[in-house]
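We're numbering straight along the sequence, starting at 1. Predicted model only: the values in this text are computed from it and were never measured. Side chains are part of it too, since the values below use all heavy atoms of this structure and drop only hydrogens, waters and symmetry mates.
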Amino acid sequence: LSKEPTNSQYQLFKKYDKFWKTEFEALKRHCDKVEIEFISTPFDVKSAAFLNDLMEVFKISSSDLNNKPFIEYLCSFGKPILLSTGASYLWEVEQSVSWIRAKENPFALLHCVLNYPTTDADANLSMILELRCKFPSTMIGYSDHTLPGDMKCLEIATLLGAAVLEKHFTY
C-alpha cells in the first residue's frame with residue numbers, strides 16, 4: 001500500500017485482478033516457448049477447472065490449507081499437490097496431509113512465511129527441518145517471499161533439505 005495510491009488492499013487487488021483464462025493460456029504458451037513449467041495457484045473451483053488443462057501439478061495456497069472441500073476437489077484431478085503451510089499450526093498441516101493422502105495424490109509441503117516481503121531474518125528456515133522431522137516420507141520445499149537480493153534464503157533452504165523451491169517476485 002505504501003507504493004500504490006490506494007486506500008485498502010482490496011482496492012489494490014481489484015485494480016490488478018484482471019487476469020483470467022485467456023491471459024493464463026497466453027502465459028502458459030509463453031512458458032512453454034521459453035521452457036519454464038507453468039504453475040498457477042487456483043483460489044476457486046472455476047479457475048481450478050480451466051487451470052487443470054494447463055498444469056501438471058496443483059499449488060494450494062496457505063489460505064486454503066483448512067479448506068477440505070477445495071483440497072479434495074483439487075485432488076480429484078489426480079495430480080501432484082504443492083501445499084503451502086504458512087500461518088498454520090502443525091496439527092492443521094497434519095489434517096490437510098491426511099485429506100491429500102486419503103485421495104492418494106503425491107504431494108510436497110512448502111514452508112513459507114505470510115509476509116510480503118519477508119525479511120531474511122524472519123524467514124524461519126528452521127521450519128524446513130521441523131517439517132522434515134514431522135513428515136519424514138514427504139517431500140519438503142520452501143516458498144520464498146523475501147526480496148530477491150542475494151537469494152541466500154533459497155540457498156540455505158536447499159542446504160536444509162528443501163527439494164522444491166518457489167520464489168515470489170514482482171516484475
Side-chain angles (χ1 to χ4, degrees), residues 4 6 8-118 127-128 131 134-135 137-146 154 157 162-171:
E4 289 282 340
T6 57
S8 71
Q9 191 173 23
Y10 172 76
Q11 287 177 345
L12 182 64
F13 286 174
K14 190 173 179 184
K15 177 180 176 181
Y16 291 107
D17 192 17
K18 308 263 188 263
F19 229 70
W20 199 237
K21 186 177 182 193
T22 303
E23 291 80 10
F24 281 108
E25 290 168 340
L27 185 56
K28 164 68 169 147
R29 285 190 301 276
H30 178 73
C31 287
D32 288 347
K33 181 180 172 184
V34 297
E35 299 180 350
I36 296 173
E37 184 175 1
F38 173 78
I39 298 175
S40 181
T41 305
F43 290 92
D44 56 60
V45 169
K46 190 173 181 180
S47 61
F50 76 73
L51 284 170
N52 178 51
D53 295 332
L54 305 176
M55 305 185 310
E56 299 300 317
V57 60
F58 273 107
K59 167 85 185 306
I60 299 175
S61 166
S62 300
S63 62
D64 280 316
L65 182 99
N66 293 311
N67 188 344
K68 184 179 182 182
F70 192 56
I71 289 173
E72 290 178 337
Y73 176 73
L74 293 177
C75 287
S76 73
F77 291 103
K79 295 182 177 181
I81 301 291
L82 299 173
L83 179 64
S84 282
T85 63
S88 60
Y89 293 104
L90 274 175
W91 68 265
E92 292 174 303
V93 177
E94 289 172 326
Q95 176 179 260
S96 298
V97 163
S98 73
W99 301 332
I100 296 169
R101 283 188 174 145
K103 299 295 183 180
E104 299 182 350
N105 293 68
F107 68 97
L109 298 174
L110 303 184
H111 163 62
C112 72
V113 173
L114 294 184
N115 194 16
Y116 303 90
T118 301
M127 190 60 187
I128 294 167
L131 289 171
K134 190 72 176 170
F135 303 95
S137 64
T138 300
M139 185 177 296
I140 305 299
Y142 174 54
S143 178
D144 186 15
H145 301 159
T146 64
L154 287 172
V164 177
L165 299 175
E166 175 186 54
K167 177 65 182 161
H168 289 235
F169 64 93
T170 301
Y171 176 68

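- A 6.0 Å sphere centred on NZ of K134 holds no more than 12 heavy atoms belonging to other residues, nucleotides or ligands.
- Counting only heavy atoms from C-beta outward, the side chains of S84 and I60 never approach each other to under 4.5 Å.
- Considering CG of L27 and CZ of F38, their distance stands at 5.0 Å, rounded to 0.5 Å.
- Evaluation of the side chain to side chain donor-acceptor pair (under 3.5 Å) test over residues 97-107, restricted to residues two or more places apart or in two chains, returns R101-T138.
- One N or O on the side chain of E92 and one on the backbone of Y89 form a donor-acceptor pair closer than 3.5 Å.
- Formation of a donor-acceptor pair under 3.5 Å by the S96 side chain with backbone atoms of L65 is found in this model.
- In this structure, CG in L51 is found 9.0 Å from NZ in K79, a value given to the nearest 0.5 Å.
- With no hydrogens or angles considered, no side-chain donor-acceptor pair links S40 and K28 at under 3.5 Å.
- Taking both residues in full, the closest heavy atoms of A48 and L74 are given as CB-CD2, 3.5 Å, listed atom of the first, atom of the second, then distance.
- Residue H168 places its NE2 atom among more than 12 non-hydrogen atoms of other residues, nucleotides or ligands, all under 6.0 Å distant.
- Between N115 and H145, every side-chain heavy-atom pair lies at or beyond the 4.5 Å cut-off.
- How far CD1 of I128 is from CG of L131: 8.0 Å, rounded to the nearest 0.5 Å.
- In Y116, the OH atom is crowded: over 12 heavy atoms of neighbouring residues, nucleotides or ligands sit closer than 6.0 Å.
- At a threshold of 4.5 Å between non-hydrogen side-chain atoms, the residues L12 and K14 do not count as touching.
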Verdict with reasoning, E23 to K18, per salt bridge (Lys or Arg N to Asp or Glu O under 4.0 Å): CA-CA 9 Å; E23 291 80 10; K18 308 263 188 263; over 6 Å; no
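- Side-chain N/O atoms of D64 and S61 include no donor and acceptor closer than 3.5 Å.
- Counting only heavy atoms from C-beta outward, the side chains of C31 and E37 never approach each other to under 4.5 Å.
- Within the model, atoms CD of E166 and NZ of K59 stand 3.5 Å from one another, a figure rounded to the nearest 0.5 Å.
- Within 6.0 Å of the CD atom in E56, the count of heavy atoms belonging to other residues, nucleotides or ligands does not exceed 12.
- Using modelled atom types, no side-chain atom of K21 and backbone atom of S47 make a donor-acceptor pair closer than 3.5 Å.
- Proximity of I140 to H111: side-chain heavy atoms (C-beta onward) are nowhere separated by under 4.5 Å.
- A ring-ring contact (aromatic ring centres under 6.0 Å, His included) check over residues 44-77, counting only residues at least two apart or in different chains, returns the pairs W20-F50, F24-F50, F58-F77, Y73-F77.
- Rounded to the nearest 0.5 angstrom, L110 CG and S62 OG are separated by 8.5 Å.
- Here the side chains of F107 and V97 are in contact, with some heavy-atom distance below 4.5 Å.
- Remark: D144 CG to T118 OG1 distance equals 7.5 Å, nearest 0.5 Å.
- Enclosure of atom NZ in K167 by more than 12 non-hydrogen atoms of other residues, nucleotides or ligands within 6.0 angstrom is indicated.
- Taking every heavy atom of both residues into account, V57 and P80 meet most closely at CG2-O, 3.1 Å.
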